[in-house]
Amino acid sequence: MDFLAIESSCDETAAAVVRDGRQVRSSVIHSQAAEHGLYGGVVPEIASRRHIENVVWVVEAALKEANCSLKELSGIAVTAAPGLIGALLVGVNYAKGLCLSGSLPLIPVHHLRGHIAANYIEYPDLTPPYTALVVSGGHSHLVKVEDYTRFSVLGRTRDDAPGETYDKVARALGLGYPGGVLIDKLSKEGDPKQVVLPTPQLSGNKLDFSFSGIKTAIVNLLHNAQQKGESLPTADVAAALNQKIADILTTHAMAALDSTGDKILAVSGGVSANSLLRERLGTACEKRGVRLCLPPLSLCGDNAAMIGAQGYYQYQAGLIGSLSQNAFACMELEEEFV
Ligand code: KG4
Ligand code: ZN
C-alpha cells in the first residue's frame with residue numbers, strides 16, 4: 001500500500017510516498033532555514049506563506065519521483081499537530097483537497113509519532129514494544145511505545161526542548177540558525193572542561209527534563225563577559241553545552257530503560273543527529289546489552305517519509321480522519337484525532 005505524506009508543521013515543506021510504512025519510494029524536503037536564519041529563528045507568518053508557495057510543487061515532485069499517481073495511492077497522511085498552526089493548516093488543507101479530488105482517506109498524524117516512526121524505515125525488523133527518546137526543536141520526550149498507535153509518556157521537558165536550547169544559545173553567541181548543527185560542529189574545537197554548566201535538579205518525576213537553566217547560565221556568562229569588555233571562548237561554551245545535553249539525555253534514557261525493562265531504545269528527532277549524543281548513547285546501550293536504533297541523518301530532522309510510515313500504521317488501526325479534519329498547535333502524544 002502506497003501513502004502520500006505531507007509535513008508542514010514548522011519550517012520544512014515536505015512530501016513523500018511510502019510503501020507499507022517501511023519503504024520510502026520518494027522524499028522531497030524544501031527547507032526554509034536560510035530565510036528564517038536572517039531573523040535568528042522561525043518566523044511563523046513567513047513559514048506559513050512559504051508553505052503555501054511551495055506545497056504544490058513539493059507534492060508533485062514526490063509523486064513524480066515515486067512514479068506514482070493519485071489513483072494508485074491508498075491514502076494521504078498529513079501532520080495535523082503539534083506545530084505552528086498557520087504552517088500546519090497549509091499541509092492539512094492541501095491534503096484535504098487532494099483527498100477530495102482523488103476520493104482518498106485522510107490520515108491525520110501526530111508529528112512526534114511521526115518522528116518515532118522514522119526508525120521503522122531504517123530498521124525493517126523494529127517492532128513495538130520498545131522505549132523511545134524523541135528530541136527535537138520543540139520537544140523532549142521519553143516514551144514507552146506499547147504498540148504502533150499506543151504510547152505512554154514516561155518523561156518530558158518542563159521548559160525548553162534541547163533543540164530550542166541549542167538554537168537559543170547559538171543565537172546569543174551570534175552563531176546563526178539552526179543552532180544544533182553549528183554547536184555540534186564548533187564543539188569539536190573546544191574544551192568542555194573550561195566552562196562549568198549547572199546540572200538541573202528536578203523534584204518529582206526523575207524522567208522529566210529541564211534545559212532552560214543551562215541556557216540562562218550561558219546567557220549570564222555572556223553578559224558578565226560583555227560587561228568586562230571580554231569575549232567568551234565560544235568553542236569551549238559550545239563543547240560544554242553539547243556535553244551537558246548529551247549527558248542528560250543519555251542518563252535519562254538509561255533510567256527510562258530501567259523503568260520499562262525494554263532492551264530496545266529508539267531515538268529520533270532533529271537533535272538525534274547530534275554526533276556526541278549518538279556516541280554517548282551507543283556506548284551506554286552497548287554496556288547494557290540494549291539495541292540502539294538511530295535514524296540516518298536524513299530522517300532525524302523534519303521530513304514527510306516518517307509521517308508516511310506512521311500514517312500507514314494509523315490507517316491499519318482504523319484511525320482515519322475526515323474532510324472536516326482540523327489542525328492543532330498543541331496535542332499530547334497519547335491523544336487521538338478521531
Ligand atoms: O525535529 P526537528 O527538525 O524539528 C522539530 O520538530 O522541532 O528538530 C529541529 C531541531 C533544531 O532545534 C536543531 O537545532 C536541532 O534539531 N538539530 C541539532 C542537530 N541538528 C539539528 N541539535 C543538535 N545537534 C545536531 N547535529
Ligand atoms: Zn520535528
Side-chain angles (χ1 to χ4, degrees), residues 5-14 16 27 29-34 36-37 40-42 44 47 51 78-84 87-88 91 109-119 132-141 143 156-157 160-173 175-188 211-212 214-215 238-250 267-281 294-307 309-310 329-331 333:
I6 301 174
E7 154 65 40
S8 70
S9 65
C10 191
D11 61 344
E12 266 92 25
T13 317
S27 178
I29 304 171
H30 175 266
S31 172
Q32 307 169 3
H36 295 293
V42 177
H51 287 310
V78 63
T79 307
L84 302 172
L88 286 165
V109 174
H110 189 289
H111 184 73
L112 294 188
R113 291 190 183 193
H115 271 303
I116 291 172
N119 275 307
L133 170 67
V134 197
V135 274
S136 70
H139 302 273
S140 184
H141 279 57
V143 182
R156 66 198 317 161
T157 186
D160 292 354
E164 188 179 355
T165 310
Y166 280 115
D167 294 341
K168 287 178 175 170
V169 168
R171 182 177 170 168
L173 295 175
L175 297 176
Y177 170 86
V181 67
L182 299 167
I183 288 183
D184 193 5
K185 233 189 235 168
L186 184 62
S187 67
K188 295 189 167 64
F211 295 100
S212 70
I214 301 169
K215 172 195 67 188
L241 175 65
N242 214 29
Q243 193 171 85
K244 184 62 77 178
I245 290 183
D247 281 348
I248 293 171
L249 293 176
T250 304
V267 188
S268 56
V271 178
S272 67
N274 187 269
S275 55
L276 185 67
L277 177 64
R278 292 171 88 94
E279 193 185 304
R280 289 278 157 97
L281 288 169
L294 279 168
L297 297 191
S298 59
L299 290 172
C300 290
D302 288 347
N303 65 86
M306 65 186 197
I307 303 302
Q310 183 60 24
C330 300
M331 183 177 173
L333 184 65

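Whatever order the structure lists them in is the order used to number ligands and atoms, beginning at 1. Each residue takes its place number in the sequence, starting with 1.
- The protein atom (non-hydrogen) at minimum distance from atom 11 (C) of ligand 1 is Asp167 OD2, 3.5 Å.
- Residue His111 has at least one nitrogen or oxygen atom sitting less than 3.5 Å from a nitrogen or oxygen atom of ligand 1, judged on distance alone.
- In this structure the side chain of Arg278 reaches within 4.5 angstrom of the side chain of Leu297, judged on heavy atoms.
- Residues Ile214 and Leu241 form a side-chain contact, since some pair of their non-hydrogen atoms from C-beta on lies under 4.5 Å apart.
- Counting heavy atoms from C-beta on, the side chains of His111 and Met331 never come closer than 4.5 Å.
- The closest side-chain donor-acceptor pair between His115 and Gln310, if any, does not fall under 3.5 angstrom.
- Within ligand 1, counting atoms from 1 as listed, the ones closer than 4.0 Å to a heavy atom of Tyr166 are 22 (N), 23 (C).
- Atom NZ of Lys185 sits in a sparse spot, with 12 or fewer heavy atoms from other residues, nucleotides or ligands closer than 6.0 Å.
- When each of Leu88, Asp302, Thr13, Asn303 is tested with Glu7 by the rule side chain to side chain contact (heavy atoms under 4.5 Å, CB included), just one qualifies, namely Asp302.
- Close contacts of ligand 1 with Gly137, meaning ligand atoms under 4.0 Å from a residue heavy atom, involve 5 (C), 7 (O), 8 (O), 9 (C), 10 (C), 12 (O).
- Nearest to atom 2 (P) of ligand 1 among the protein's heavy atoms is Asp302 OD1, 3.4 Å.
- The closest heavy-atom contact to atom 16 (O) of ligand 1, among the options Pro162, Gly301, Gly270, Ala33, comes from Gly270.
- At least one donor-acceptor pair closer than 3.5 Å links the side chain of Asn119 to the backbone N or O of Val267.
- Take a cut-off of 2.8 Å around the Zn ion (ligand 2): the protein N, O or S atoms inside it are His111 NE2, His115 NE2, Asp302 OD1.
- Counting heavy atoms from C-beta on, the side chains of Asn242 and Tyr166 come closer than 4.5 Å.
- Distances below 4.0 Å separate heavy atoms of His115 from the following atoms of ligand 1: 1 (O), 6 (O).
- In this structure, Leu186 and Leu182 have side chains that are not in contact, with every pair of non-hydrogen atoms separated by 4.5 Å or more.
- At least one heavy atom of Gly138 sits under 4.0 Å from some atom of ligand 1.
- In terms of protein heavy atoms, atom 26 (N) of ligand 1 is closest to Asp184 OD2, 3.0 Å.
- Any N or O atom pair closer than 3.5 Å counts here, and Ser275 shares no such pair with ligand 1.
- Side chain to side chain, Thr165 and Asp160 fail the donor-acceptor criterion of an N or O pair below 3.5 Å.
- Residue-to-ligand polar distances place Gly180 within reach of ligand 1: an N/O pair is separated by less than 3.5 Å.
- A heavy-atom distance below 4.5 Å is found between the side chains of Thr250 and Leu277.
- Counting atoms of ligand 1 from 1 in the listed order, those under 4.0 Å from a heavy atom of Asn274 are 23 (C), 24 (N), 25 (C), 26 (N).
- Taking a cut-off of under 4.0 Å to the non-hydrogen atoms of Gly163, the atoms of ligand 1 that pass are 12 (O).
- Inter-residue side-chain proximity for Glu164 and His139 is flagged as unmet; no heavy-atom pair is nearer than 4.5 Å.
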